[in-house]
Protein chains: 2
Amino acid sequence: MAITDYFIRYLQRRDTLSAEDLSRLRALRTENETFAPGEVIVPVDRIAQRSCMMLRGLSARSHQLVGRPEERVITALHVPGDFVDLHGFVLAGLEHSVVAVGPVEVEFVSHDQLIDITENFPHLTRLLWMATLIDAAVHRQWLVAAASLRSSAHLAHLLCEIYTRLNAVGAAGDHRFSLPLLQRELADILGYSPIHVNRAVRDLRDRGMITWSGADVKILDWTGLSGLARFDATYLDMEQMSR
Amino acid sequence: MAITDYFIRYLQRRDTLSAEDLSRLRALRTENETFAPGEVIVPVDRIAQRSCMMLRGLSARSHQLVGRPEERVITALHVPGDFVDLHGFVLAGLEHSVVAVGPVEVEFVSHDQLIDITENFPHLTRLLWMATLIDAAVHRQWLVAAASLRSSAHLAHLLCEIYTRLNAVGAAGDHRFSLPLLQRELADILGYSPIHVNRAVRDLRDRGMITWSGADVKILDWTGLSGLARFDATYLDMEQMSR
DNA sequence: AAGAAAGACTAACATTCATTAATCGCAGGC
DNA sequence: GCCTGCGATTAATGAATGTTAGTCTTTCTT
């Protein structure tokens, strides 16, 4: 997989890239880096000079709670092809950090190249914009899930979403995928205690919907799992459209 | 207040607008419309040809739950100056509707004018992008609040945020504001039952932190309320910065 | 092979929140 | 001035989730 190809595939799934758009993307100079589980990929609060695309593994946006330094909330997960902190290009510093979940490989793109794109490639700019808007749509869906689903269904929704996103970039198939999340980290995502997450995992297992051993997840009953979660993938905006 | 002036103030609070940017914004042709409480301003699912800016009142992004038509979740509130469904310009249809909360006045801007801006005004384009990214930051903060705060503190966080945003555009002051939300609608926002919302409101009242009668909210103890909510307004990204 | 550490898992109990069913209070219609 | 409807409020009960305190595997270390 050559540089930025995952992200190009991400875009091409949703719009047609012109020859100029494509060659501009292919001409991006990037810095490749790897991170061990738990390492900070993008620190909180600092105004960065670059943003990173996921190449391999899983990363998370982690919010430290004020006054409770040992607690955190995870507000997003990122799979290969995601332009993780693209929003850091426009905002005045991020209010969260990005950390590696499991081993991670990313590519950094300098912001001066993004400035060039926004100055000279309006269609490509709208597609970058779109990528951040899809992230926002995922945020909204997490809010809907948090407000309307109980523990097992809430967990089921997360599994359906992650599988759909991994599958969309070819990083999962046959209803199997690798999810190197600890139950403690799942708790930070879902807003439950680790013990309650354990109950939810056991419930989905007892219903025969999934197996989960180590980092290996297999969805045995997609219909049942997605029905329980009332999962509808349209919010991931994976339709072709001219933008 | 002339056309789009609220939104111009919203942008100027965060960056410097060049004379060209300003005149382009002032040249926007808009359609002014008013809505009664509960009316749909932007319907779900349809690919729109225009997006709307809030001029007066309060509106909400409302997600209908699949299979439960009487239930909904509100994932965002919008105050004057907000470019409510700007994301509809780039996404392939919205997965939520926008409804009026109390009486509302908005201005619609056609998407062909937004195309023109993205083709010819790169700095202004980045500012429009920024507006949608601030919405996303608010989504994330709501996720953090939902995961880490119990009922009273969660409600307190919402009140702190709305007051801060209203105050930033001059639509509130002296720790007073109008919030025409029913407790049932608050429940759709916070993910609680209406009864539990009532308990939270009573709790904040009993602590002497707020009064709330009809649509009139007064924060009596800002320090206490924002401390309870662990509210930190930096996520609203209200700092001046060149983007 | 023994020990240690980390994560998964379980049980018992406490707290938070949902549900159901009423009552209360206010505003509008007649 | 009374009725009516809607929303706010309260109480009682049960379900969902948190907390504390462990045990059980597995894996790594020595």
Side-chain angles (χ1 to χ4, degrees), chain A residues 36-38 58 65 68 70-74 101-103 145-159 178-207 210-218 228-229, chain B residues 36-38 58 65 68 70-74 101-103 145-159 178-207 210-218 228-229:
Chain A
L58 197 66
L65 297 187
R68 285 181 287 182
E70 68 289 352
E71 288 182 59
R72 62 168 186 174
V73 176
I74 290 173
V101 177
S148 68
L149 301 176
R150 320 280 93 208
S151 53
S152 305
H154 194 175
L155 172 59
H157 192 280
L158 181 70
L159 294 176
S178 168
L179 192 62
L181 279 170
L182 304 181
Q183 293 189 353
R184 163 168 30 95
E185 295 169 322
L186 264 182
D188 293 336
I189 295 171
L190 299 173
Y192 297 124
S193 65
I195 287 82
H196 206 64
V197 167
N198 187 279
R199 289 193 270 251
V201 173
R202 173 164 34 125
D203 183 51
L204 294 185
R205 260 202 284 257
D206 289 350
R207 293 174 190 239
I210 64 167
T211 62
W212 189 336
S213 149
D216 300 322
V217 177
K218 181 161 172 52
L228 177 65
Chain B
L58 198 67
L65 298 186
R68 285 182 287 183
E70 67 290 352
E71 289 182 56
R72 63 170 188 174
V73 175
I74 290 173
V101 176
S148 68
L149 302 176
R150 320 278 94 213
S151 52
S152 305
H154 194 176
L155 171 60
H157 191 280
L158 180 69
L159 294 177
S178 168
L179 192 62
L181 279 171
L182 303 181
Q183 292 190 355
R184 163 166 31 93
E185 294 169 324
L186 263 182
D188 294 335
I189 295 171
L190 299 173
Y192 299 124
S193 64
I195 289 84
H196 205 65
V197 167
N198 186 279
R199 290 192 270 253
V201 173
R202 173 164 38 122
D203 184 50
L204 293 185
R205 261 202 285 257
D206 290 350
R207 294 174 187 239
I210 65 167
T211 61
W212 190 337
S213 149
D216 299 322
V217 178
K218 180 159 173 54
L228 178 65

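Remember, it's a predicted structure, so these values are computed and weren't measured experimentally. Order of the sequence lines sets the chain letters (A, B, ...), proteins ahead of strands, with each chain counted from 1.
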DNA chain D nearest-nucleotide lookup for A:R199 and B:R184: closer to the 5′ end is B:R184
Separation of C:dC9 atom P from A:L182 atom CG, nearest Å, is 12 Å
Smallest heavy-atom separation, B:A146 atom then B:H154 atom, equals CA-CE1, 3.7 Å
Nearest heavy-atom contact between B:A153 and B:A229 is O-CB, 3.7 Å
N/O donor to acceptor pairs below 3.5 angstrom from side-chain atoms of residues 178-186 of chain A, sequence neighbours left out:
from, atom 1, to, atom 2, distance (Å)
A:Q183, OE1, A:N198, ND2, 3.0
A:E185, OE1, A:L182, N, 2.9

| field | Donor-acceptor pair, side chain of B:S213 and main chain of B:D216, under 3.5 angstrom | value | no
In short, A:S193 meets A:A187 closest at the heavy-atom pair C-CB, 3.8 Å
For B:L204 and B:W212, what are the C-alpha separation, side-chain angles and deciding distance, and is it a side-chain contact (heavy atoms from CB on, under 4.5 Å)? CA-CA 10 Å; B:L204 293 185; B:W212 190 337; over 6 Å; no
Exactly one candidate in B:L65, B:I189, B:D188 meets side-chain contact (heavy atoms from CB on, under 4.5 Å) with B:V73; the answer is B:L65
Note: A:A147 and B:G191 closest approach over all heavy atoms is CB-CA, 3.7 Å
B:H196 NE2 to C:dT20 C1', in whole Å, measures 16 Å
Take A:R199 and A:D203 through the salt bridge (Lys or Arg N to Asp or Glu O under 4.0 Å) test and state the conclusion after the steps. CA-CA 6 Å; A:R199 289 193 270 251; A:D203 183 51; over 6 Å; no
Numerically ordered, the residues 148-158 of chain B set in heavy-atom contact under 4.0 Å with DNA chain D is none
Q: Please check the phosphate of C:dA8 (OP1 and OP2 only) for any side-chain N or O of A:N198 closer than 4.0 Å.
A: no
The first and last nucleotides of DNA chain D lying within contact of chain A, meaning any atom under 4.0 Å from one of its heavy atoms, run from D:dA16 to D:dT20
To the nearest angstrom, the CG-P distance between B:L186 and C:dA18 comes to 13 Å
Tell me whether the OP1 or OP2 atom of C:dA8 has a side-chain N or O from A:R205 closer than 4.0 Å. no
In whole angstroms, the gap separating C1' of C:dA11 from CD1 of A:I195 amounts to 11 Å
- prompt: So what does A:G191 touch, heavy atoms closer than 4.0 Å: a base, only the sugar-phosphate, or nothing?
  reply: sugar-phosphate
